[in-house]
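Heavy atoms only: backbone and side chains are in, while hydrogens, waters and symmetry mates are out. Count residues from 1 along the sequence.
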Amino acid sequence: MFRTGVRARIGDGEFTWSSSRPAWHGYEIENKHYISWEADAHRVQEWAVMRIPDLLHTEDYTRALFNDDWVFRANHTLGARMNPAGRRQLYDEIRSRKDRQERLANRPDYPLNYTAVVDESVLHKMVGSPKIMRHQLHMLIDCAGWTDVALRVLPATTAPPIGTTGGFTILEFPGGIEPAMMFAQYPGGVVSEHDRHLVDQAQQRFDAVLSAALPVHDSMEFIEQLADEIYPQ
């Protein structure tokens, strides 16, 4: 079941955080369950250890990510041609990310506070081509200039502050309409966790990673230097 039409009262005003017919509802995309919750959240904290966070993708990075996915290709290609279902999903995956990014940059009426810590190894993983990766890394630098985005990098030279086998995302909701939730991706989907104790543990882990990561300004310099070194023009 997808969440729609949720309202939250903040201060003296009432705001609708997801419409009765959200844009993503008709998309053929993965992880609709997660996106439905994100649409109602006002704060997202993400620890990214496998790939660039979806909220910060360029269009070319998203396209390359799916084109490079062997399982996606096996299900949606015949020979060298992608079938209509695959083309539809890829188109919708790109559109949905653009819709979600709007909240970070251009929606003061529908704000989303986003804090992400990206493991350095993610920046080294080639997706598509050096040109795509260079553009993607510069996109991260641009996104870090948005008011409600804090992007930080955990360098490979920093001792891991937590023992974790994967990344995760914590969502918080306005006005106490829902307790905080934790999400973690697995092959084929996303698992959600409502249990307060487990969510609190995830928050402690995120806080530990955040404290070990480079400050925002240093992170942007780090990304820019990395882009010049391993993805030169």
Side-chain angles (χ1 to χ4, degrees), residues 1-10 15-59 61-62 65-66 89-118 122 139-140 143-144 146-152 166-186 188-196 198-200 202-203 205-206 209-210:
M1 179 179 296
F2 301 131
R3 297 168 52 76
T4 58
V6 174
R7 289 182 178 271
R9 183 172 294 280
I10 303 178
F15 301 88
T16 301
W17 295 94
S18 62
S19 67
S20 58
R21 300 188 64 181
W24 48 261
H25 193 269
Y27 290 170
E28 295 296 330
I29 57 177
E30 297 177 349
N31 303 334
K32 276 188 180 181
H33 174 69
Y34 168 77
I35 294 175
S36 70
W37 285 102
E38 183 189 271
D40 289 317
H42 74 144
R43 187 182 186 205
V44 174
Q45 299 172 93
E46 183 167 3
W47 165 223
V49 298
M50 297 301 293
R51 67 186 194 189
I52 303 294
D54 289 4
L55 276 169
L56 306 178
H57 281 190
T58 65
E59 179 177 330
Y61 185 91
T62 301
L65 198 64
F66 281 88
Q89 181 180 339
L90 183 54
Y91 177 73
D92 284 353
E93 292 284 358
I94 291 171
R95 280 203 305 168
S96 68
R97 283 163 172 75
K98 288 183 177 179
D99 288 344
R100 294 159 65 196
Q101 286 173 2
E102 282 290 311
R103 290 190 65 192
L104 299 178
N106 301 311
R107 293 295 301 274
D109 60 320
Y110 187 34
L112 180 64
N113 183 277
Y114 182 59
T115 301
V117 180
V118 177
V122 172
M139 171 69 167
L140 296 182
C143 291
W146 296 345
T147 302
D148 291 323
V149 175
L151 175 62
R152 298 170 63 175
F168 54 85
T169 304
I170 301 171
L171 302 186
E172 296 179 25
F173 304 93
I177 58 173
E178 295 284 351
M181 296 177 64
M182 186 271 289
F183 294 81
Q185 289 191 331
Y186 67 94
V190 176
V191 62
S192 58
E193 182 56 66
H194 301 256
D195 183 272
R196 181 61 181 268
L198 296 178
V199 174
D200 286 347
Q203 184 65 62
R205 288 173 178 270
F206 183 82
V209 169
L210 189 65

task: Tell me, with the steps shown, if S192 and M182 meet side chain to side chain contact (heavy atoms under 4.5 Å, CB included).
output: CA-CA 6 Å; S192 58; M182 186 271 289; over 6 Å; no
Can you find a pair of side-chain heavy atoms, one from [X] and one from [Y], that are under 4.5 Å apart?
X   : Y    : value
L56 : L151 : yes
H57 : L65  : yes
V44 : N113 : no

message: When you compare the side chains of Y114 and E46, does any donor N or O come within less than 3.5 Å of an acceptor on the partner?
response: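 Short answer, yes.
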message: Checking Q101 now: which residues fulfil side-chain hydrogen bond (donor to acceptor under 3.5 Å, both in side chains) with it, not counting sequence neighbours?
response: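 With neighbours one apart ignored, the set is empty.
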message: Please determine whether side chain to side chain contact (heavy atoms under 4.5 Å, CB included) holds for the pair W47 and I170, giving the CA-CA distance in whole Å, both sets of side-chain angles, and the decisive distance to 0.1 Å.
response: CA-CA 9 Å; W47 165 223; I170 301 171; over 6 Å; no
I need the [X] [atom1] to [Y] [atom2] distance, nearest 0.5 Å.
X    : Y    : atom1 : atom2 : answer
Y61  : M139 : OH    : CE    : 12.5 Å
F168 : M181 : CZ    : CE    : 15.0 Å
C143 : L104 : SG    : CG    : 7.5 Å
L90  : D92  : CG    : CG    : 9.0 Å
D54  : T62  : CG    : OG1   : 7.0 Å

- prompt: Is there a side chain to side chain contact (heavy atoms under 4.5 Å, CB included) between W37 and E178 once you walk through the steps?
  reply: CA-CA 10 Å; W37 285 102; E178 295 284 351; 3.9 Å; yes
message: Going by side-chain contact (heavy atoms from CB on, under 4.5 Å), name the residues that satisfy it together with E172, two or more places apart in sequence or in a different chain.
response: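 side-chain contact (heavy atoms from CB on, under 4.5 Å) list for E172, sorted by chain: H42, R43, Q45, A180, Q203.
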message: So if I apply the side-chain contact (heavy atoms from CB on, under 4.5 Å) rule between L140 and each of V118, T58, I52, V149, which one comes out positive?
response: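 The side-chain contact (heavy atoms from CB on, under 4.5 Å) with L140 is passed solely by I52 among V118, T58, I52, V149.
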Nearest non-hydrogen partners of [X] and [Y], listed with the distance:
X    : Y    : result
A184 : G167 : CB-O, 3.9 Å
V122 : R51  : CG1-C, 3.2 Å
P174 : A41  : CD-C, 4.4 Å
V199 : E193 : CG2-O, 3.5 Å
R103 : P111 : NH2-O, 2.7 Å

query: Do any N or O atoms from the side chain of Y110 and from the backbone of A39 form a donor-acceptor pair under 3.5 angstrom?
result: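 Judged by distance alone, yes, a pair lies under 3.5 Å.
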- prompt: Would you say the side-chain atoms of R152 pair up with the backbone N or O of L210, donor to acceptor, closer than 3.5 Å?
  reply: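 Side chain of R152 to backbone of L210, a donor-acceptor pair under 3.5 Å: yes, one is there.
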task: Go through L55 and E38 one step at a time and tell me if the side chain to side chain contact (heavy atoms under 4.5 Å, CB included) criterion holds.
output: CA-CA 11 Å; L55 276 169; E38 183 189 271; 3.8 Å; yes
- request: Please list, chain by chain and in numerical order, all residues satisfying ring pair (Phe, Tyr, Trp, His ring centres under 6.0 Å) with F206, sequence neighbours excluded.
  value: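 Partners of F206 under the ring pair (Phe, Tyr, Trp, His ring centres under 6.0 Å) test: none.
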- prompt: Checking salt bridge (Lys or Arg N to Asp or Glu O under 4.0 Å) for the pair K98/E102: CA distance, chi angles, key distance, verdict?
  reply: CA-CA 6 Å; K98 288 183 177 179; E102 282 290 311; over 6 Å; no
- request: Check the pair R95, D99 against salt bridge (Lys or Arg N to Asp or Glu O under 4.0 Å), reporting the backbone distance first and the verdict last.
  value: CA-CA 6 Å; R95 280 203 305 168; D99 288 344; over 6 Å; no
